[in-house]
Amino acid sequence: MKVLIVGSGGREHAIAWKVAQSSRVEKIYCAPGNAGIEEYAECVNIGAMEFDKLTDFAVEKGIDLTIIGMDDPLVGGIVNAFEAKGLRVFGPRQKAAMIEGSKAFSKDLMKKYNIPTAGYENFDSAEEALKYLETANMPIVLKADGLALGKGVLICNTLEEARDGVKAIMEDKQFGTAGNRMVVEEFMTGREVSVLCFCDGTHVTPMTSAQDHKRAQDGDQGLNTGGMGTFSPSPFYTDEVDEFCRKYIYQATVDAMKAEGREFKGIIFFGLMLTQNGPKVLEYNARFGDPETQVVLPRMKNDIVDVFEACIDGTLDQVELDFEDNAAVCVVLASDGYPEHYEKGFKISGLDAFAGKDGYYVFHAGSKFDEDGDVVTNGGRVLGVTATGADLKQARANAYEAAKWIEFGNKYMRNDIGKAIDEADSQ
């Protein structure tokens, strides 16, 4: 079969790598793709939001399955556009993608269906939000309602910080129209865990757990980013936690969406906080997480195309997901200055060191070919270096060793990805 992947990041590179292993796939296209994805797919210069061009391309090339990696096109209704032309596509329709497209919608859904989450209020006016904050407990969390590249969340420790946050989100529109509405949420403490789940509208099947590192600098300092590294599995995601989440969070969410007439087919990413009062939902995403995908897919044994098709056909209950009994760690190599100001266009060396090395992967996030055919940096997050190991400590050592193989002018990384692995041991 012929497959089209929509997106251009490390997540899409990992998906392309996994799809390429399927015995059922003869040809992969990626729009727009990047320099790393070209190893597995023919990259096509069409943007992820150019729905007409994408659907025309899919019809012209006889694409059998399209996989949508990114949030913007999903929330924009790309799945509806493909289905309108009779094309098979993996991902939620526009009404279902609202679970990520609007934080206020997702919080109201959880409240209505008793899915555990932090207490909250939604605001359409800065004035009302500021009034509410006067009597609220600190610290408190402010979230832009719409899509903000995973960066539209501010944790405010004082009333003054909270006032500044309201100004940044709702008045200065730091995150654009995403800040037209805002969610104010109680601050939860505990371990954060991410769990990606396949959904077919009725059934939900969790993959393995992972943990992300959002802050730009070591010790969880600096600004929020799209994610600086991940590890899988999380030592804190126990069988007991899994059992609770399957019943009261994962299945409850899929049931709630169905009851609302928003049947969810695709991936729900559950961002969880393991609090003293049990697991609670921090956030939903309507697609594979980035860089969680880069540690989850290398551990997955299944032919991923079979799983995608089961989600589309509503037969996910007939699929048994199978994961290696190992661990994986991903360290993101970024451009120094990310997520604010950084330079691009530096030549990347050392990529060929990964060839033929089992259990070592380099997933491209922001790369491209220059005029001379060299791979150069083209974004804030440049590469995700992933390694597997028998356990988390070995995987982490392998990932940091492999990170040394790569060089570019303004290479930057966190040196403490997976620090919670040691904390798990000491508990």
Side-chain angles (χ1 to χ4, degrees), residues 3-7 11-12 15 19 31 46-59 63-110 112-113 115 145-147 177-178 181 196-207 250-271 281 283-290 293 304-317 319:
V3 174
L4 169 64
I5 298 167
V6 177
R11 159 186 50 220
E12 287 78 24
I15 293 168
V19 168
I46 305 175
M49 296 303 286
E50 297 183 277
F51 297 176
D52 288 345
K53 284 186 183 175
L54 287 167
T55 53
D56 286 349
F57 177 83
V59 170
I63 300 294
D64 301 296
L65 174 66
T66 299
I67 301 150
I68 312 300
M70 299 162 65
D71 46 6
D72 281 341
L74 288 170
V75 171
I78 190 169
V79 169
N80 306 59
F82 270 78
E83 288 185 343
K85 292 201 176 173
L87 295 159
R88 274 172 80 77
V89 55
F90 176 80
R93 295 180 187 127
Q94 188 166 26
K95 277 180 73 175
M98 271 289 279
I99 202 167
E100 176 170 14
S102 166
K103 298 267 194 314
F105 166 81
S106 72
K107 294 296 288 190
D108 289 346
L109 181 86
M110 288 184 261
K112 180 175 174 182
Y113 291 93
I115 297 164
D145 177 55
L147 298 177
T177 55
R181 294 189 86 186
L196 296 164
C197 295
F198 286 108
C199 310
D200 71 357
T202 305
H203 312 100
V204 58
T205 305
M207 291 179 237
Y250 310 151
Q251 191 63 53
T253 299
V254 171
D255 291 348
M257 290 295 279
K258 195 172 188 177
E260 292 290 313
R262 296 173 184 269
E263 180 186 61
F264 195 102
K265 293 186 171 192
I267 301 274
I268 300 180
F269 167 115
F270 291 87
V281 177
E283 63 167 351
Y284 293 123
N285 291 337
R287 34 81 196 176
F288 278 108
D290 188 336
T293 306
I304 200 167
V305 173
D306 292 342
V307 189
F308 288 151
E309 297 228 282
C311 292
I312 297 170
D313 295 332
T315 56
L316 190 58
D317 55 326
V319 172

### Task
Decide yes or no on side-chain contact (heavy atoms from CB on, under 4.5 Å) for I5 and V3, but give the supporting numbers first.
CA-CA 7 Å; I5 298 167; V3 174; 4.2 Å; yes
Is any side-chain heavy atom of [Y] closer than 4.5 Å to one of [X]?
X: M98; Y: R262; answer: yes
X: I304; Y: V19; answer: yes
X: D64; Y: L87; answer: no
X: H203; Y: V254; answer: no
X: V204; Y: I268; answer: no
X: T205; Y: V319; answer: no

Which heavy atom of [X] sits nearest to which heavy atom of [Y], and what is that distance?
X: P206; Y: C197; value: CA-SG, 3.6 Å
X: Q94; Y: N80; value: N-OD1, 2.8 Å
X: L54; Y: A31; value: CD2-CB, 3.6 Å
X: F90; Y: C311; value: CE1-CB, 3.6 Å
X: P73; Y: F51; value: O-CZ, 3.5 Å
X: L4; Y: A58; value: CD2-CB, 4.4 Å

Between the side chains of [Y] and [X], is the shortest nitrogen-to-carboxylate-oxygen separation below 4.0 Å, so that they form an ion pair?
X: D145; Y: K103; answer: no
X: E309; Y: R88; answer: yes
X: E260; Y: K112; answer: yes

Calculate, to the nearest 0.5 Å, the distance between atoms [atom1] and [atom2] belonging to [X] and [Y] respectively.
X: L196; Y: I267; atom1: CG; atom2: CD1; result: 6.0 Å
X: F288; Y: R11; atom1: CZ; atom2: CZ; result: 9.5 Å
X: M257; Y: S106; atom1: CE; atom2: OG; result: 9.5 Å
X: R93; Y: F264; atom1: CZ; atom2: CZ; result: 11.5 Å
X: I312; Y: L65; atom1: CD1; atom2: CG; result: 5.0 Å
X: I78; Y: I68; atom1: CD1; atom2: CD1; result: 4.0 Å

### Message
Just to verify, what does D56 make a salt bridge (charged side-chain N to carboxylate O under 4.0 Å, His left out) with, not counting sequence neighbours?
### Response
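For D56, the residues satisfying salt bridge (charged side-chain N to carboxylate O under 4.0 Å, His left out) (neighbours in sequence not counted) are K85.
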#### Entry: Residue of the set F270, F105, Y250 for which ring pair (Phe, Tyr, Trp, His ring centres under 6.0 Å) holds with Y284
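Going through F270, F105, Y250 one by one, the ring pair (Phe, Tyr, Trp, His ring centres under 6.0 Å) with Y284 is satisfied by F270 alone.
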### Task
Starting from the C-alpha separation in whole Å, work towards a yes-or-no answer on side-chain contact (heavy atoms from CB on, under 4.5 Å) for L147 and V75.
CA-CA 9 Å; L147 298 177; V75 171; 3.8 Å; yes
### Query
So, does D200 use its side chain to make a donor-acceptor pair with the main chain of T202 at under 3.5 Å?
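Yes, because the side chain of D200 sits within donor-acceptor range (under 3.5 Å) of the backbone of T202.
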### Residues E100, L74; criterion side-chain contact (heavy atoms from CB on, under 4.5 Å); working and verdict
CA-CA 9 Å; E100 176 170 14; L74 288 170; 5.8 Å; no
### Task
Just say parallel, tilted or perpendicular for the rings of F308 and F198, cut-offs at 30° and 60°.
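Taking F198 first and then F308, their aromatic rings stand perpendicular (interplane angle over 60°).
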